[in-house]
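Written out below as structure tokens is the structure these notes cover.
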Protein chains: 2
Amino acid sequence: MATHHISQKSLCNCTALRKATRRVSQLYDSALEPCGLRSTQRTILIQIARSGTPPLGELAEALVMDRGALTHNLKPLQRDGFVKISVDPQDRRNRLVALTAQGRAKLAESEVLWARAQRGFEAGFGAAKSASLRKALEFLVSDDFVNAFNGQG
Amino acid sequence: MATHHISQKSLCNCTALRKATRRVSQLYDSALEPCGLRSTQRTILIQIARSGTPPLGELAEALVMDRGALTHNLKPLQRDGFVKISVDPQDRRNRLVALTAQGRAKLAESEVLWARAQRGFEAGFGAAKSASLRKALEFLVSDDFVNAFNGQG
DNA sequence: AGGAAGTATGTGTATATGCAAGCAATAGTC
DNA sequence: GACTATTGCTTGCATATACACATACTTCCT
């Protein structure tokens with residue numbers, strides 16, 4: 001056949017991810033709106049809470065985020081008193097990021113709002129399918145995937 | 001049990017999406033870099049090519065993107081001569097977005113680069129799993145999902 | 001015709017994000 | 001101990017993104 005049907009649906013995996021992320025972020029952000037945190041900000045605070053007092057670079061890596069981007073993203077959180085950044089006395093190149101009491105309080109405040117959004121997601125997508133999806137998405141951020149993507153696999 | 005083990009892995013579907021999108025976008029953007037387009041820009045150009053000469057609002061809807069965001073995103077594409085925006089003579093509120101010859105050429109130029117990235121993705125994730133993932137992600141942008149999320153399902 | 005409503009965009013502002021270049025501090029080498 | 005390489009971060013710049021408000025245009029009603 002000479003003519004090739006151009007599908008209306010994009011086959012691009014990146015496009016599909018970006019569209020879904022825009023939509024889902026908007027839903028979670030709406031749910032979080034009463035507490036004043038955006039989903040990215042909440043994710044950052046949670047990661048800090050889990051990591052203790054990580055240096056900025058480690059935090060960025062855990063968040064799958066560029067270090068410069070993280071530095072920028074921390075600005076509003078510092079300004080609002082949720083995180084405190086200090087110089088590591090052991091290695092003055094490092095910046096140690098820590099939650100403040102206010103940060104922990106805000107995180108606690110956001111918990112119920114986040115849980116409602118999460119329940120909404122799983123109501124729409126199914127709890128089991130959601131877990132599978134997260135697993136798939138976690139693989140996409142793994143070194144194995146990146147290496148295969150770049151042809152080293 | 002009184003103590004509750006705090007999992008190191010986030011259960012948040014939004015966080016998982018955002019992390020994966022950051023990583024995958026970075027991979028596609030690197031692949032596209034020689035042609036000068038970012039993945040979002042390429043997606044916009046492709047959607048215009050598919051839609052013909054859509055009004056801005058329709059284009060935004062197809063892209064699952066806020067209208068204001070799309071207006072902003074079109075600025076660099078206009079500046080670089082890839083798209084042309086004109087007033088709809090039938091309804092002067094509408095803005096009709098069209099590809100220029102340069103835009104079509106740039107899209108053609110990007111094709112090989114995109115295909116390489118797409119092959120990389122499917123090498124790492126599997127072609128069948130990629131198709132399933134896209135299907136899942138497409139569902140997340142559907143009205144059915146949003147209604148269920150918001151408890152109208 | 002004239003004004004009220006409704007619709008489609010544009011704009012301003014704030015956050016989100018990556019990259020490149022510059023700075024600061026440590027580590028290695030001789 | 002000084003020069004160099006490396007490492008960790010910050011900053012500047014460009015794009016990405018949403019929301020609220022302002023603007024422009026059309027429709028509708030009377």
Side-chain angles (χ1 to χ4, degrees), chain A residues 14-15 17-33 36-45 54-61 63-80 82 85-97, chain B residues 14-15 17-33 36-45 54-61 63-80 82-83 85-97 141:
Chain A
C14 185
T15 298
L17 272 167
R18 292 188 73 95
K19 284 183 182 177
T21 297
R22 281 195 285 269
R23 173 60 54 82
V24 172
S25 293
Q26 194 266 334
L27 292 171
Y28 274 72
D29 281 350
S30 291
L32 288 176
E33 194 267 342
L37 290 178
R38 317 282 293 284
S39 46
T40 297
Q41 299 180 319
R42 183 170 187 276
T43 299
I44 292 173
L45 296 185
L56 191 140
E58 268 181 34
L59 185 56
E61 192 174 0
L63 292 166
V64 193
M65 185 181 288
D66 176 80
R67 277 193 294 237
L70 179 56
T71 297
H72 292 310
N73 288 345
L74 284 172
K75 286 286 160 61
L77 296 172
Q78 279 182 278
R79 180 201 57 203
D80 297 340
F82 301 144
I85 300 180
S86 58
V87 173
D88 181 353
Q90 253 59 61
D91 183 340
R92 298 176 48 75
R93 289 171 298 188
N94 289 334
R95 294 294 179 275
L96 302 178
V97 186
Chain B
C14 185
T15 298
L17 272 167
R18 291 188 74 95
K19 284 184 183 179
T21 297
R22 282 195 286 268
R23 173 60 53 83
V24 171
S25 293
Q26 194 265 333
L27 293 171
Y28 274 72
D29 282 350
S30 291
L32 288 176
E33 194 268 340
L37 290 178
R38 318 283 292 285
S39 47
T40 298
Q41 299 179 319
R42 183 171 186 276
T43 300
I44 293 173
L45 296 184
L56 191 140
E58 267 181 33
L59 186 56
E61 191 174 0
L63 291 166
V64 192
M65 185 181 289
D66 176 81
R67 278 191 293 238
L70 178 56
T71 298
H72 292 310
N73 288 345
L74 285 172
K75 286 285 161 61
L77 297 172
Q78 278 182 279
R79 180 202 57 203
D80 297 339
F82 301 144
V83 304
I85 300 180
S86 57
V87 173
D88 182 353
Q90 252 60 59
D91 183 339
R92 297 175 50 74
R93 288 171 298 187
N94 288 335
R95 294 295 179 274
L96 302 178
V97 187
V141 305

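Note on naming: letters A, B, ... go to the chains in the order of the sequence lines (proteins, then strands), and numbering restarts at 1 for each one. Computed from a prediction, not measured in an experiment: that's the story for all the values here.
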Verify the neighbour count for atom CD of B:Glu61: are there more than 12 heavy atoms of other residues, nucleotides or ligands below 6.0 Å?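 Incorrect, the count does not exceed 12.
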Find out whether [X] and [Y] are in side-chain contact, i.e. whether some heavy atom of one side chain is under 4.5 Å from a heavy atom of the other.
X       : Y       : value
B:Leu63 : B:Asn73 : no
A:Leu74 : A:Leu56 : yes
B:Arg95 : B:Asp88 : no
A:Ser39 : A:Leu32 : yes
B:Lys19 : B:Thr15 : yes

May I ask you to verify if any side-chain N or O of [X] is less than 4.0 angstrom from the OP1 or OP2 atom of [N]?
X       : N      : result
B:Lys75 : C:dT11 : yes
B:Arg67 : C:dT7  : no
B:Gln90 : D:dT26 : no
A:Arg93 : C:dA24 : no
A:Arg95 : D:dC9  : no
B:Arg92 : D:dT27 : no
A:Thr40 : C:dT17 : yes

Give one of base, sugar-phosphate or nothing for [X], where a contact means two heavy atoms less than 4.0 Å apart.
X       : answer
B:Asn73 : base
A:Asp66 : base
A:Arg23 : nothing
A:Asn94 : sugar-phosphate
B:Gly57 : sugar-phosphate

In whole angstroms, how far is the [atom2] atom of [N] from the [atom1] atom of [X]?
X       : N      : atom1 : atom2 : answer
A:Leu59 : D:dG8  : CG    : P     : 14 Å
A:Leu70 : C:dT15 : CG    : C1'   : 14 Å
A:Tyr28 : D:dC19 : OH    : P     : 17 Å
A:His72 : D:dT15 : NE2   : P     : 15 Å
A:Lys19 : D:dA18 : NZ    : P     : 13 Å
B:Met65 : D:dT15 : CE    : P     : 14 Å
A:Phe82 : C:dT15 : CZ    : P     : 11 Å
A:Arg22 : D:dA18 : CZ    : P     : 6 Å

Between A:Gly68 and A:Gln26, which residue's closest nucleotide on DNA chain D lies nearer the 5′ terminus? A:Gly68
So if I take every side-chain heavy atom of B:Thr71 and compare against C:dG10, D:dT26, D:dT17, which nucleotide ends up nearest?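 Per side-chain heavy atoms of B:Thr71, the pick is C:dG10.
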First of A:Arg38 and A:Asp91 reached from the 5' end of DNA chain C, by closest nucleotide: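 Comparing both residues, the 5'-ward one is A:Arg38.
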Need to verify one output field. Residue with the more 5' nearest nucleotide on DNA chain C, B:Ser30 or A:Asp80?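 In this pair, the answer is A:Asp80.
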